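Heads up, the thing below is written out as C-alpha cells.
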Number of protein chains: 2
Amino acid sequence: MLVSSKISPKTTTRKAQIIDTSLEMMCRMGYQGTSMRDIASAVNMEAASLYNHISAKEVILSETCFQMAERLLQGLAEVNDIYFNPIEKLSLAVKNHVKILTENTFAGWVFVHEWRHLSEANRNRFVALRDEYEKGFTTILKQGEDEGVFQDVNNKFAVLTILASLNWVVEWYKPKGGMTPEQIAEKLTEFILSGLKKENN
Amino acid sequence: MLVSSKISPKTTTRKAQIIDTSLEMMCRMGYQGTSMRDIASAVNMEAASLYNHISAKEVILSETCFQMAERLLQGLAEVNDIYFNPIEKLSLAVKNHVKILTENTFAGWVFVHEWRHLSEANRNRFVALRDEYEKGFTTILKQGEDEGVFQDVNNKFAVLTILASLNWVVEWYKPKGGMTPEQIAEKLTEFILSGLKKENN
DNA sequence: GCTACTAACTAACATTTGTTAGTAATGCAA
DNA sequence: TTGCATTACTAACAAATGTTAGTTAGTAGC
C-alpha cells in the first residue's frame, strides 16, 4: 500500500475516503462528468483498484442519496413526534434540514442535484422517500392551518417552495462563509414564517 | 430529405427542431447523458448529419443558456426602468421570471440546471450574467429598504432565497397542471412579500 | 510457517463518445 | 442547363467509458 490513510484506522476507511473524494468531484463536474479514472487518480490509485472497495460507480451515488434521505426523514419524524406547536415544528424541521445539508456539503449537493442519475429502480425508491418527506412538511402546514396559526395556502405549492429555498442552501453555503448553519436556519425560518403567520397581511 | 418539417417553412427551422428535441432530452437525461446519437435518432437522422446544423454539442447548451439569460435580464431591466414602487417592481420581476421559465419549460430547465457543463469560458460569461441579474434584484430590495417598505434583511441571503423559489418552478411546473404561470407568479409574490413587508410582525 | 484476506497492480474488454472526411441527392438562382 | 448551397448519408477516428480477469505484495490469525 503506497498511500496509507491511517489517521484513525477504522473510522476513516479507504472506502469512505474514496466516496468523500468522489462526492467532492461530483459537485464540481457532475456524476456523469466524473469518471472512475478521475476518482482513482484523485485518491492515487488505478481505476480497477476502486472495485476492491466499491462494487459499482452507481453505489457512490445511491449510498449517498439514500443515506441523506434517511437522515432527513428521521430528523423530521422526531420533530413531528416530540413537539406540538406547528411554528416550533416548522422551525425545527428547517433547522434539521439545513443542519444535515450543511454538515456534509458535498453529500448535500449530490443529494439535491445528482439523484436523477440513479438507475430507474433506485430512482423510484428515492422519489418515494422524497415524497414521504414532503408529506411530513405538508402535515405540519395542515396542522398550522387547522389551529389557525398559518394562512390558508395551497399546501403542495407552499411545501415545494419552502423546500426549494431550503435545498438552495447547498448552492451557496460555504463552511467558512459568513453564516453558521444555525443562523441560516433561523433566517430561513423567519423568511418562511413571516409569509405564513396569520397575523400578517 | 426523408423527414420534412414544413409546417411553417422558416419559423421552424431544422436547427430549431434539433435544439428543441435536445432540450427535452437533456431535461430527462442531463446534458452529459444525452449523446449526439440519441439526439440524432430522436429527429430521425444520423449523428454526423447534426453537424450540418450545429457546429458542436456545446452550442445547444450555450445558445440556450445565453438566450434565457438575455431574456431574463432584459425583462428585469424594463421593470427597473419603467416602474417606481418597489413592491410593484418585485412583483413584476417575479412575473417576468416565471413567465420566461414557463414559456419554454425545457429551455428553462436546462438554463437552471445544466449551465454547469458549459466550457470554462462560456461558464464564466454565464456566471457574470447571472450575477448581474442578482444585482438587479438586490437593487429592488435596497430601494424597498430605503423607502421603508421592506424589512432590513441580509440582501444577498434574501435574493438567493427568492431566486431559489423562483427557479424551482422549472422542477414541478407542467403546462397542463393546475396553475397558470400568472397564478404561480402571483402566489410566489405573495409568499415572498408577506415575508418582507414591514407592517408584518 | 501456512493460510486467508485485503488492497493494490497491469492488461484488456466491449461500448460509447464527439467529431471529421468524403460523397451523394435535392432544390433554387443564374 | 449549369452551378451552388443545403442537407442528408456512410465510414471512420481517436479518445474515453465502466468493468472484469488475473496477479501479487503485504498483513493478521492460527
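In what follows, chains are A, B, ... by sequence order, proteins preceding strands, each numbered from 1. On a predicted model such as this, the values are computed, not experimentally measured, just so you know. Computed from heavy atoms alone, side chains included, the values below leave out hydrogens, waters and symmetry copies.
Counting to the nearest Å, the P atom of dT6(D) and the CD1 atom of Ile18(B) are 15 Å from each other. Separating the CD atom of Gln17(B) from the P atom of dT6(D) is a distance of 18 Å, rounded to the nearest angstrom. Protein atom CE of Met36(A) is 13 Å distant from nucleotide atom P of dC9(C), rounded to whole Å. Taking atom CG of Asp38(B) as the reference point, atom P of dG18(C) lies 8 Å away to the nearest angstrom. The CD-P distance, from Glu46(A) to dT19(D), rounds to 16 Å in whole Å. Atom NE2 in His117(B) sits about 13 Å away from atom P in dG18(C), given to the nearest Å. Gln32(A) places its CD atom 18 Å from the P atom of dA16(D), with the value rounded to the nearest Å. To the nearest angstrom, P of dT17(D) lies 11 Å from CD1 of Ile39(A).
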Result block: side-chain N/O donor-acceptor pairs under 3.5 angstrom for residues 87-95 of chain A, not counting sequence neighbours:
{"unit_1": "Lys89(A)", "atom_1": "NZ", "unit_2": "Asn80(A)", "atom_2": "OD1", "d": "3.4"}
{"unit_1": "Lys89(A)", "atom_1": "NZ", "unit_2": "Gln143(A)", "atom_2": "OE1", "d": "2.9"}

Distance-only donor-acceptor pairs under 3.5 Å for side chains of residues 127-139 of chain B, two or more places apart:
{"unit_1": "Tyr133(B)", "atom_1": "OH", "unit_2": "His97(B)", "atom_2": "ND1", "d": "2.7"}
{"unit_1": "Thr138(B)", "atom_1": "OG1", "unit_2": "Glu134(B)", "atom_2": "O", "d": "2.9"}
{"unit_1": "Thr139(B)", "atom_1": "OG1", "unit_2": "Lys135(B)", "atom_2": "O", "d": "2.8"}

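Residue pairs meeting the salt bridge (charged side-chain N to carboxylate O under 4.0 Å, His left out) criterion with at least one partner in residues 154-173 of chain A, sequence neighbours excluded, are Glu171(A)-Arg116(B).
Between Arg14(B) and dT6(D) there is no side-chain polar atom (N or O) within less than 4.0 angstrom of OP1 or OP2. Put simply, Ser35(B) has a side-chain N or O that comes within less than 4.0 Å of OP1 or OP2 on dT17(C). Listed pair Arg37(B) / dT15(C) fails the phosphate criterion, with no side-chain N or O lying under 4.0 Å from OP1 or OP2.
Within the 3.5 Å criterion, the main-chain N or O of Thr102(B) finds no donor-acceptor partner in the side chain of Thr105(B).
The ring pair (Phe, Tyr, Trp, His ring centres under 6.0 Å) test applied to Phe157(A) returns Trp172(B), not counting sequence neighbours. Residues passing the side chain to side chain donor-acceptor pair (under 3.5 Å) test with Lys142(B): none are found, sequence neighbours excluded.
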ring-ring contact (aromatic ring centres under 6.0 Å, His included) evaluation trace for Phe106(A) with Phe111(A): CA-CA 8 Å; Phe106(A) 302 139; Phe111(A) 165 80; over 10 Å; no
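Listed in residue order, the members of residues 47-62 of chain A having a heavy atom less than 4.0 Å from DNA chain C are Ala48(A), Ser49(A), Asn52(A), His53(A).
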